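Letters A, B, ... mirror the listed sequences (proteins, then strands); counts begin at 1. Quick note: numbers below take in every heavy atom, side chains included, and nothing from hydrogens, waters or symmetry partners. Keep in mind the model is a prediction, meaning the values are calculated, not measured.
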Amino acid sequence: MAEYERYEHDVLVIGAGGAGLRAAIAAAERGARVGLVCKSLLGKAHTVMAEGGVAAAMGHVDDRDNWQVHFADTMRGGQYVNNWRMAELHAKEAPDRVRELEAWGAVFDRTPDGRILQRNFGGHRYPRLAHVGDRTGLEMIRTLQDHAIHKGIDVHMEVTIVQLLKDGDRVCGALAYDRERGRFRLFAAGAVVLATGGIGRAFSVTSNSWEYTGDGHSLAYAAGAELMDMEFVQFHPTGMVWPPSVMGILVTEGVRGEGGVLRNSLGKRFMFDDIPDNYKNQTADNEEEGWRYTQGDKTARRSPELLTRDHVARCIQREVREGRGSPHGGVYLDIAWIKERIPKAEEHIKRKLPSMYHQFMQLANIDITKVPMEVGPTTHYVMGGIRVDGDSQMSTVPGLFAAGECAAGLHGANRLGGNSLSDLLVFGRRAGEHAADFAATKRGGAASSESAATEAIRVALAPFDRGASAGAESPYAIQHDLQKMMQELVGIVRVEEEMSRALTGIAALRERAKRVGVYGNREYNPGWHTAIDLEHLLSVAEAVTRAAIDRKESRGGHFRDDYPDKDPAAGAFNIVLRKGGGGEMQMERRPIPAMPQYLKDIIEAQKA
Amino acid sequence: MGETTFRVWRGERGKGDFADYRTEVGEGMVVLDAMHQIQAESAGDLAVRWNCKAGKCGSCSAEINGKPRLMCMTRMDELPAGEAVTVEPMRAFPHVRDLVTDVSWNFEVKKKVKPFKPRAPDAPDGTWRMQQEDVDRVQEFRKCIECFLCQDVCHVLRDHHKHDEFIGPRFFVHSAALEMHPLDVEDRVHELKETQGIGYCNITKCCTAVCPEHITITDNAIIPLKERVVDEFYDPVMKLVKLFRRKP
């Protein structure tokens, strides 16, 4: 019999970013015994990299803001394929979740009357993002972390989940290994919350950290849960493009919120050239008005640089493709120009965007208070994920919950900046509470799961048996080839023929992955870890590609060169993926439930 | 830039030696890029802890050419050209494997610092009012990414191994962020003196020098905390008062 250590929890939370921490706190406050699994050290998860802010309609800067406006903005940004119930709950509950952070010690930037300051961001009608300079994610994760460590939660650091375990239909735990020693752990649990984040590491240019290999998506899929909206991947318009080693690192939208503008190699502000019809009423048509908007003039309309991310990313792509890009294949993002408008602009930039100043100085030798940055699109976020119930966050598998980026629904076809940090808080809490309630009626760890655990261990250790023998494949090489292929064939602009080639490519990589070999021992062996993550990456890559082929229109983050227009008929369904009996990926177009009249009325009222 | 030699510490649980690897260094590369290249080319099992590769998470702390630094923020072109680059794990913590150390002590220490305790809300809706100038200094401390380089360089931990009596610069910054938080009403001064060893710090400012977030650890966090300890325990006027109180 294979060896593992056994742990018992009422609720097992997998992932310790914002959503996982918030879920763990909520479950612990409900009285559950909580285990919190972090793939890295506590407090290092990807949430730490969020920069711009957390969206919540508190109305501190503009009192015309309220949950209805936030709801309508989120639905419009998501092109109306969102789970409207989640969008409603999110808009209503986000302000309380942000105020709660303040009560736990978070120190947001302040308004002149001493309240939490809010800033402008793409797609948000009013200044809505509570923030701390450009390091809001760090403030959030540290606040949650420092609160959680006094809640009696068992934290399992540097532990990776290999497989979810089931008792009949219900999830009853998970098998894992610890990175440090390479020893296996069996977690028995009454309920499991997945909060594993995104899939950015399936692409070569990404703002995401190494952990973002789609573990939660893939674990849930393998356990029988449904995935939804996987074709919707967000390419953030502004990632660094030079030097090569930093390509993809995020440049916050906050730069544009503070007055930064996008220009092509001709010096033209190209964002004025193409303003979508559904945003025309709310978008400035001249530079003067755009500037006044960023400076808080309530009579001004937003500058076109602050249109939704999908649109800005495509405009940048267009400028580059048509030969008006910067020397390293991006465009210019200029914040230094504001010195023409305000005194002491250099200090202002350093104060409002300290991490950006620091990042460009240190990594690119560029002083953003003096010269423009070069930026281009970078894989940033996946709107798609595990299909969940809007209220409870439970997936289609009983006892399996999901929150944050790995869950689908809130953001539809495109996420607004700032809506992910609020997503984490609102739905992290809901998932934690509902998981605790579910676990109160169930006991974890049926004996039947132990044979599954033994088999999972055998599979996990197989790469060592192949070692570096002839014919063994390097995990790094397979990962690299997959990333390169997804970037080229299923990236920001998609066509059927290329995506079909990607499907063939994924199948071929899957065959190579069966021969992956690693050497050394099990202690902190990154080759082995990379080999285990391959299965997750391949699963999510296939899900993205299949769904992207099936959606024969362009909407939000999904842009088809062969179907460049939005198709109203395609706006009536979500694409849902499930693992079939023979292990094949099954796909279905699932009609979106009708929206209640009161929500329809809000959307109509906000269209003006 | 051509090929560069990296002398990387390889081994387990404190036993090990430097191994030399040569790899191609391209424009703008950082030390962490080189470690990844070496993993992919010739040492697939080279243990490196990292995460965001953007200087925001504080995972990839190491000692590069003898100096505590983040691997992801150390550009190759700022190191001496044509010379081998040494990369070692942090030496103030127990070694695990290659460049990875066991930093769990830090997480245990943090639990012992009394948590945030706010005063009653200022407004009927349960919220508070704080001015920006009142939170500026706390926001400086809250920039900390918990890379633990300040702990690594501190001689009280590194050379004198006072891990049981001294919480280190990171947690003085953490304590300062709590103590100077405009809403906090907890008192942590007694512990700072008695169990957390703030007296051991002799203000050599090594921690400030290595902080990748440029937090003025010694001047803005540790010295003001030392002053609070002095005010509470060594104030001559209060000493007299206490002296008289003790007499029958």
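- No part of A/Thr530 comes within reach of chain B, as not one of its non-hydrogen atoms sits under 4.5 angstrom from that chain.
- Between chain A and the options B/Asn51, B/Asp45, B/Asp33, heavy-atom pairs under 4.5 Å are most frequent for B/Asn51.
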Practice prompt. Go through A/Arg110 and B/Val135 one step at a time and tell me if the side-chain contact (heavy atoms from CB on, under 4.5 Å) criterion holds.
Written response: CA-CA 9 Å; A/Arg110 317 308 297 178; B/Val135 299; 4.1 Å; yes
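- Neither the backbone nor the side chain of A/Arg522 comes within contact range of chain B; no heavy atom of the residue lies under 4.5 Å from a heavy atom of that chain.
- Taking chain B as the reference chain and counting heavy-atom pairs below 4.5 Å, the highest number among A/Arg99, A/Arg142, A/Met49 is found for A/Arg142.
- Ionic pairing of B/Glu146 and A/Lys44 is not present here: no N-O contact between side-chain nitrogen and carboxylate oxygen is shorter than 4.0 angstrom.
- Proximity to chain B is limited to the side chain of A/Ile249, based on heavy atoms less than 4.5 angstrom apart.
- Expressed to the nearest 0.5 Å, how far CG of B/Leu46 lies from OH of A/Tyr524 amounts to 11.0 Å.
- By the 4.5 Å heavy-atom criterion applied to side chains, B/Lys56 and A/Arg135 are not counted as neighbours.
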Practice prompt. Could you give me the CA-CA distance, side-chain angles and deciding distance for A/Arg351 and B/Asp136, then say whether side-chain contact (heavy atoms from CB on, under 4.5 Å) is met?
Written response: CA-CA 11 Å; A/Arg351 157 152 192 83; B/Asp136 278 342; 3.8 Å; yes
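- For A/His150, the NE2 atom is densely surrounded, since the number of other residues' heavy atoms within 6.0 Å is greater than 12.
- In terms of heavy-atom pairs under 4.5 angstrom with chain B, the leader among A/Tyr476, A/Tyr212, A/Trp528 is A/Tyr476.
- Using a 4.5 Å cut-off between heavy atoms, B/Val30 touches chain A through backbone and side chain atoms alike.
- No other option in A/His46, A/Lys39, A/Glu158 has as many heavy-atom pairs under 4.5 Å with chain B as A/Glu158.
- Here the straight-line distance linking atom CD of B/Glu27 with atom CH2 of A/Trp242 works out to 4.5 Å at 0.5 Å rounding.
- The shortest heavy-atom contact between A/Ala103 and B/Pro118 is O-CG, 3.7 Å.
- With a threshold of 4.5 angstrom between heavy atoms, B/Arg119 does not approach chain A through any atom at all.
- With a 4.5 Å cut-off on non-hydrogen atoms, A/Val107 touches chain B through its backbone and its side chain both.
- Heavy atoms closer than 4.5 Å to chain A are found in both the backbone and the side chain of B/Pro115.
- Between the side chain of A/Tyr519 and the main chain of B/Gly44, a donor-acceptor pair closer than 3.5 Å is present.
- In this structure, the portion of B/Val103 lying under 4.5 Å from any heavy atom of chain A is its side chain and not its backbone.
- Looking at A/Met157, only its side chain comes within 4.5 Å of chain B, counting heavy atoms on both sides.
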Practice prompt. Under the salt bridge (Lys or Arg N to Asp or Glu O under 4.0 Å) rule, what do B/Lys143 and A/Glu139 come out as? Steps first, then yes or no, please.
Written response: CA-CA 8 Å; B/Lys143 287 195 301 185; A/Glu139 185 70 16; over 6 Å; no
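- Taking every heavy atom of both residues into account, A/Pro112 and B/Gln131 meet most closely at O-OE1, 3.3 Å.
- Annotation: maximal heavy-atom pairing with chain B below 4.5 Å, among A/Pro243, A/Gly114, A/Gly43, A/Pro244, occurs at A/Gly114.
- Counting only heavy atoms from C-beta outward, the side chains of B/Arg142 and A/Leu138 never approach each other to under 4.5 Å.
- Judged purely by atom type and a 3.5 angstrom limit, B/Gln132 has no side-chain atom pairing as donor or acceptor with the backbone of A/Thr111.
- Heavy atoms from other residues, nucleotides or ligands lying under 6.0 Å from CZ of A/Arg466 number more than 12.
- The candidate from B/Asp184, B/Ile145, B/Leu178, B/Asp98 with the greatest count of non-hydrogen atom pairs under 4.5 Å with chain A is B/Ile145.
- A pairwise comparison of heavy atoms in B/Met73 and A/Gln362 identifies O-NE2, 3.3 Å as the closest pair.
- Ring geometry for A/His358 against B/His214 counts as perpendicular: the plane angle is over 60°, on a 0 to 90° scale with 30° as the lower cut.
- Contact annotation for B/Glu78: neither backbone nor side-chain heavy atoms come within less than 4.5 Å of a heavy atom of chain A.
- Top candidate by heavy-atom pairs under 4.5 Å with chain A, chosen from B/His36, B/His174, B/His181, is B/His181.
- Here the CG-SG distance, from A/Leu41 to B/Cys147, works out to 12.0 Å after rounding to the nearest 0.5 Å.
- For chain B, the nearby part of A/Arg181 is the side chain; its heavy atoms alone come within less than 4.5 Å.
- Between the B/Arg75 side chain and the A/Leu363 main chain, a donor and an acceptor come within less than 3.5 Å of each other.
- When all heavy atoms of B/Phe116 and A/Trp104 are compared, the pair lying nearest together is CD2-C, 3.3 Å.
- Highest contact tally toward chain A, considering only B/Ala177, B/Cys144, B/Pro182, is held by B/Cys144 [criterion: heavy-atom pairs under 4.5 Å].
- Here the side chains of B/Glu12 and A/Asn521 are in contact, with some heavy-atom distance below 4.5 Å.
- Only the backbone of B/Ala43 comes within contact range of chain A, with at least one heavy atom under 4.5 Å from a heavy atom of that chain.
- By the neighbour-count criterion of 12 heavy atoms within 6.0 Å, atom NZ of B/Lys114 is densely surrounded, having more than that number from other residues, nucleotides or ligands.
- Residue A/Leu42 comes nearest to B/Phe107 through the heavy atom pair O-CE2, 3.4 Å, listed as atom of the first residue, atom of the second, then distance.
- For A/Gln479, no part lies under 4.5 angstrom from a heavy atom of chain B.
- A salt bridge is absent between A/Glu180 and B/Arg97: the closest approach of a Lys/Arg side-chain nitrogen to an acidic carboxylate oxygen does not fall below 4.0 angstrom.
- When every heavy atom of B/Cys52 is checked against every heavy atom of A/Ser209, the shortest pair comes out as CA-CB, 3.8 Å.
- Of the possible polar contacts, one joining the B/Lys53 side chain to the A/Ser245 backbone as a donor-acceptor pair under 3.5 Å is found.
- Between the side chain of A/Trp210 and the backbone N or O of B/Trp50 there is at least one donor-acceptor pair closer than 3.5 Å.
- Heavy-atom pairs under 4.5 Å with chain B were tallied for A/Ile116, A/Asn365, A/Leu250, A/Asn208; the largest tally goes to A/Asn365.
- Contacts of A/Glu51 with chain B are made by side-chain atoms alone, with heavy-atom separations under 4.5 Å and no backbone atom involved.
- No hydrogens or angles considered: nothing links the side chains of B/Arg49 and A/Ser40 as a donor-acceptor pair under 3.5 Å.
- Between A/Asp113 and B/Arg129 there is no salt bridge, since no side-chain N of the basic residue sits under 4.0 Å from a carboxylate O of the acidic one.
- At a 4.5 Å heavy-atom cutoff, the contact between A/Phe108 and chain B is made by backbone atoms alone.
- Put simply, the side chain of B/Thr127 does not reach to within 4.5 Å of the side chain of A/Arg115, judged on heavy atoms.
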